[in-house]
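Data block below; observations after.
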There are 2 protein chains.
Amino acid sequence: MKDVISSCPIEEAMRVLSGRWPTLLLYYLKDGTKRFSDLRRDNPTVSHRILALELRKLEEAGIVRRTAHAGYPLRVDYDLTAAGLKLVPLIDALGDWWEDTEDDRAGGVSSTAETRLVAAE
Amino acid sequence: MKDVISSCPIEEAMRVLSGRWPTLLLYYLKDGTKRFSDLRRDNPTVSHRILALELRKLEEAGIVRRTAHAGYPLRVDYDLTAAGLKLVPLIDALGDWWEDTEDDRAGGVSSTAETRLVAAE
DNA sequence: TGTAAATTACGCACTATTCTGTAACCAGGG
DNA sequence: CCCTGGTTACAGAATAGTGCGTAATTTACA
């Protein structure tokens, strides 16, 4: 039941970047060109199938470029498009944010009472 | 089957921000304090159950603060914590990135051939 | 004055949809 | 047989939505 139009760029961007793998793949691809098997080694927990699907999704979104070399054994390279390259610093910033705000986010509900109870006026 | 430790801040950050709603809620909360019903109005497609769950998740992550006012009718306010406020510019940047790279991302596979075929050397 | 209904922020149970993973199979040369 | 990159079929897990119930007070209305 996906809405027809979102009109919100954030929502559209997240439609591509949401999930566990997209940002990680971007992270590994920023080092340069990688092959399918390289990416599997970089992240051994992703299944064969999901890696292929995620890469397709990123390719269709114009973030990753796929280059298939003719001949056998099969060989396919993946690297970032211009859009993908521009995205890298944002993802890095996200990681920095997570680390920088570690003390601020604290222990959630347990230690610091996040939820406050206020008397009605 | 979530792995025990990720050690990667990007992965951890995405564990919280992944999905359709978290970034949108952050986006609406940046205007200031909102109530549950305000957020439902801002985004009518989210169900009340999911909204409650997502807000709890963000609260536990230390990004959103929940303030329950005693008395009836029930009243609960939500606003951003310091960590949440620091995250806002990043989310905005993500939206900008999506818009700025629109031409670059092009039409995906259909028009521009994203997948290249290269002869073996 | 009595009673019914609305309000707000959920929780719970159930269903529907989507995501993720496993296993098997394909291609053609070594 | 193996290697590579990828697809399909199927199974199970995670996620999302619907509808009902609940609390104490206020308002609606005969």
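In the text below, chain A, chain B and the rest are named by the order of the sequence lines, each starting its count at 1. A quick note: this is a predicted structure, and the numbers were derived from the prediction, not measured.
Phosphate proximity of C:dC10 to B:Tyr78: present, with a side-chain N or O under 4.0 Å from OP1 or OP2. The shortest distance between the side-chain N/O atoms of B:Arg56 and the OP1/OP2 oxygens of C:dG11 is below 4.0 Å. Remark: A:Arg35 is in phosphate contact with D:dG5, judged by side-chain N or O atoms under 4.0 Å from OP1 or OP2. Between A:Arg49 and D:dC10 there is no side-chain N or O to OP1 or OP2 distance below 4.0 Å.
Backbone-only engagement by B:Ser37 is indicated by non-hydrogen atom pairs under 4.0 Å involving sugar-phosphate atoms exclusively.
Classified by interplanar angle (parallel below 30°, tilted 30° to 60°, perpendicular above 60°), the ring pair A:Phe36/A:His48 is perpendicular.
Interatomic distance, A:Leu80 CG to A:Arg65 CZ, rounded to the nearest 0.5 Å: 9.5 Å. Note that the CD atom of B:Glu11 and the CG atom of A:Leu24 stand 4.5 Å from one another [nearest 0.5 Å]. In this structure, CZ in B:Arg66 is found 15.0 Å from OG1 in B:Thr81, a value given to the nearest 0.5 Å.
Here the nucleotide nearest the side chain of A:Pro73, chosen from D:dT4, C:dA9, D:dG5, is D:dT4. Taking every side-chain heavy atom of B:His48 into account, D:dT18 is the closest of D:dT18, D:dG17, D:dG5.
Counting only residues at least two apart or in different chains, side chain to side chain donor-acceptor pair (under 3.5 Å) contacts with residues 84-98 of chain A comprise A:Lys30-A:Asp92, A:Trp98-B:Glu12.
An end-to-end axis angle of 30° holds for the helix from C:dT1-D:dA30 to C:dC26-D:dG5, taken from five base pairs per end and rounded to 10°.
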